[in-house]
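No hydrogens, no waters, no symmetry mates; every other heavy atom, side chains included, goes into these values. Letters go in sequence order (proteins before strands), and every chain restarts at 1. These numbers were taken from a predicted model, which means no experiment stands behind them.
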Amino acid sequence: MNSVTLGHGSGGRQSHELVEALLEGFRKRNIGPELEDAALLRGGYAMTVDGFTVSPRKFPGGDIGHLCVCGCANDLAVRGASPDFLGIGLIIEEGFPAGELAEYMESAAATCESLGMTLAAGDTKVVPSGAVDGVYFSGSAFGKVHTAHPLGMSNIQEGDALIVSTSIGRHGAAIAAARFNLSVDGLESDCAPLWPVVKNILPFEGLRCMRDCTRGGLGTVLCEWAESANLHISLDESSIPVEDTVRSLCDVLGFDPLYMACEGCVALAVSSASAREVLGTLRKSPLCGDAAIIGSVFRGEPRGMVSMKTSIGGERLVDMPFGELLPRIC
Amino acid sequence: MTSNVAAASEALKALVAAPISVMEVCGTHTVSIFRSGIRSLLPPQLRLVSGPGCPVCVTDQGEIDCALSLLETGAVVAAYGDMFRVPGKSGSLASKRSAGFDARLVTSASDVLAIAEKEPRKEVVFLAVGFETTAPATAALVLEASARNIANLSVLSFHKRTPPALKALSADPSLALSGFLLPGHVSVILGHEPFRFLSDLHGIPAVIAGFDPEQIMLGLVTIALQKRKGEAALRSVYGQAVRPEGNTKARELMESVFISRDASWRGLGVLLDSGLALRDGFSRFDAEKRFELSCAPGEAPAGCRCGEVLTGRIAPTECPLFRTACTPVSPVGPCMVSGEGTCGAYFRYHRANGGKR
């Protein structure tokens with residue numbers, strides 16, 4: 001890697017390359033992080049950091065303020081932690097309308113309130129016109145872990161079932177539609193806090209791990225799981241929920257819904273014995289009516305990879321995306 | 001499995017006794033075939049060969065270098081997404097953009113007009129690639145720019161015509177193609193006639209098909225049936241979209257702006273009348289003339305066998321660079337870069353070649 005390209009921001013394999021390069025100094029001192037959505041800290045707490053540069057800042061289903069709170073809170077939720085405290089840092093371009101900024105802070109506040117989350121810290125910086133595009137948010141969240149055992153991809157085992165909590169790709173598709181000036185009736189970002197959903201399934205013993213399917217989408221999450229567990233993941237395409245709006249937008253733009261970002265969708269690995277019950281619990285939430293079991297984990301070949309039985313009965317591999325799908329999705 | 005696809009799969013197993021090779025000409029077919037896993041449903045005697053129907057892939061190395069050289073003049077070069085990562089002699093549009101040059105990603109030719117109007121002090125050049133499907137949009141752009149008298153917009157036209165490439169492939173006995181699955185979108189524009197020589201002159205069954213798995217399977221069955229009966233005809237299974245006479249309006253639009261010229265194709269070399277240049281009346285929008293470029297055919301990167309992949313001579317896995325020096329993250333040739341490229345599709349989707357990264 002000679003210089004950073006937009007491909008390094010895509011969430012796929014190149015993002016990993018970038019992150020590993022950045023962590024080198026920490027890794028060699030043994031003070032580096034594990035690569036999960038949030039870190040589990042001593043004393044039963046979890047923390048996360050996330051940046052938000054989404055363009056456009058307002059999109060069907062949310063805005064950058066709401067997205068900032070959801071993104072941070074969801075990173076905690078998928079590791080079994082409640083979203084208790086939030087910090088927000090703003091980098092604001094000179095000349096930015098104060099009213100618009102107030103709108104985003106209001107929507108962030110409303111989302112925090114709905115979650116019982118307190119704004120505990122913050123920072124503002126103003127930079128000269130042209131140094132950033134409007135406003136960038138960065139958020140950090142901190143919360144208490146509510147599981148007896150740590151959730152994480154190292155728990156994934158042969159025989160586990162894979163569940164997705166709702167239809168995939170809606171955030172990425174909504175942003176893409178806005179960026180390419182395509183109007184698709186009924187297409188909205190899925191941007192939503194997941195804690196109210198996730199807290200109900202934490203008691204299940206068979207729950208192995210969860211991930212928030214953001215940048216890179218469901219496909220990227222599952223590839224990471226297969227690689228890190230060195231197991232084979234097999235998916236059933238016809239059981240993966242995809243809304244028609246998302247499908248048609250992807251057809252037009254040549255995208256694959258599997259790689260489209262979500263902001264209110266969680267992927268779960270669950271023991272096969274608990275799968276039905278977890279699914280039933282998820283479906284009781286209005287956000288998760290489309291939740292489905294989409295595949296399972298095997299010891300067979302090809303190891304470390306994801307394959308998919310296609311809707312017409314064929315078979316193909318699912319690989320991590322590469323290159324620049326669409327920058328500034330979140 | 002949908003019942004039609006299942007039925008087609010069974011029919012093919014019954015119909016194809018001796019080995020046959022069918023070329024799917026279009027990159028959109030290639031991707032649909034891989035994404036839907038169609039190859040896993042075909043009898044082993046039926047070999048699918050990907051053809052020269054990925055616009056990025058067939059663009060000559062010299063043409064890419066020409067576009068890159070324009071960036072150095074300070075011009076804005078606007079291109080479709082897939083072109084961005086194709087490596088030239090001195091990097092790609094993407095790496096040049098990272099280095100501060102002004103390469104812009106556009107999703108339609110009309111985006112280019114908007115850029116030129118918004119930034120009148122900059123020279124804005126559209127890197128126009130693609131077949132008869134994208135050429136009408138470029139023609140419309142040129143007509144609009146002409147009508148609005150936009151002085152800072154020009155087009156680097158590397159558009160290519162499909163029939164001359166198929167003529168070259170069908171005349172090559174070493175390929176021994178038993179059938180052509182013809183591109184639905186191109187046929188929507190061209191209609192049936194420009195492809196009739198495949199069956200009537202060369203005796204090769206040719207079937208126009210759409211892009212969903214059912215259409216592709218139906219197309220393959222139609223070819224296999226002809227082979228079985230010893231016939232060769234041009235057929236269309238994409239009746240709802242393709243009219244026999246094609247889209248006359250789109251062709252008139254193209255013809256009003258473009259004139260055919262010899263063009264260099266990666267893998268096929270220079271083919272007579274296979275490219276589209278701007279007519280003399282539109283010279284001021286012709287970037288080659290405006291910037292006095294000579295986009296001579298260039299040499300492919302060392303070791304890259306995209307040319308042979310594009311013409312169905314080898315499968316991507318037979319290229320020594322595949323999965324070793326050439327991967328989607330650091331592609332050597334365009335067939336690995338493009339979303340419609342055969343090497344990229346093999347890398348991403350093909351189980352038989354999976355297992356190791």
Side-chain angles (χ1 to χ4, degrees), chain A residues 1-10 12-18 176-177 179-182 219 223 226-227 232 234-235 237-238 250-259 300-327, chain B residues 1-6 8-9 27-28 31-42 80-82 84-85 91-92 94-95 97-99 105-108 110-111 211-214 216-217 327-331 336-340 344-357:
Chain A
M1 182 175 66
N2 293 324
S3 60
V4 179
T5 66
L6 285 171
H8 287 113
S10 64
R13 198 168 294 286
Q14 283 169 285
S15 297
H16 281 247
E17 185 197 20
L18 172 66
R179 289 269 276 284
F180 293 115
N181 290 319
L182 300 167
C223 286
E227 254 182 67
H232 176 69
S234 172
L235 301 176
E237 184 174 33
S238 49
C250 284
D251 281 348
V252 169
L253 295 175
F255 292 155
D256 187 334
L258 272 177
Y259 303 127
E301 294 296 324
R303 278 209 186 199
M305 298 186 96
V306 180
S307 71
M308 182 156 83
K309 186 165 174 259
T310 65
S311 51
I312 63 155
E315 180 95 21
R316 69 142 157 124
L317 286 180
V318 174
D319 197 7
M320 266 195 211
F322 21 74
E324 166 195 350
L325 196 62
L326 192 63
Chain B
M1 197 183 308
T2 60
S3 59
N4 288 344
V5 171
S9 174
T28 312
V31 169
S32 180
I33 286 165
F34 278 104
R35 255 164 80 161
S36 59
I38 278 182
R39 280 173 179 245
S40 63
L41 302 175
L42 301 180
Y80 295 132
D82 269 0
F84 259 70
R85 295 178 59 239
S92 62
S95 71
R97 182 179 60 185
S98 299
L105 202 152
V106 292
T107 49
S108 73
S110 57
D111 293 351
F211 298 99
D212 65 38
E214 281 193 18
I216 293 170
M217 290 298 273
T327 65
V329 172
S330 61
M336 185 60 90
V337 177
S338 170
E340 299 196 335
Y346 259 74
F347 190 99
R348 276 171 294 176
Y349 302 124
H350 197 38
R351 171 107 188 222
N353 301 302
K356 294 280 172 288
R357 278 207 183 85

Practice item. Kindly give the heavy-atom pair with the smallest separation between B:Ser98 and A:Thr5, and that separation in Å. Key: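 Residues B:Ser98 and A:Thr5, closest heavy atoms: OG-CG2, 3.8 Å.
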
**Study point:** Gap between atom OH of B:Tyr349 and atom CE of A:Met308 - 0.5 Å precision
**Key:** 8.5 Å

Exercise for review: Quick one: pull up CD1 in A:Ile312 and OG in B:Ser3 and give me the separation to the nearest 0.5 Å.
Suggested key: 12.0 Å

Review point. Is there a side-chain contact between A:Arg316 and B:Arg35, using heavy atoms and a 4.5 Å cut-off?
Key: yes

Practice item. State, yes or no, whether a side-chain contact exists between B:Arg97 and A:Leu6 at a heavy-atom distance under 4.5 Å. Key: yes

**Study point:** For A:Arg179, all residues meeting side chain to side chain donor-acceptor pair (under 3.5 Å), sequence neighbours excluded
**Key:**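 Residues passing side chain to side chain donor-acceptor pair (under 3.5 Å) with A:Arg179: none at all.
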
Check your understanding: Which one, B:Ser330, B:Gly81, B:Ser40, B:Ser108, leads in non-hydrogen pairs under 4.5 Å with chain A?
Key ->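 Between B:Ser330, B:Gly81, B:Ser40, B:Ser108, the count favours B:Ser40.
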
Exercise for review: Under 4.5 Å heavy-atom distance to chain A, tell me which part of B:Thr107 shows up: side chain, backbone, both or neither.
Suggested key: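 Just its side chain gets close to chain A.
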
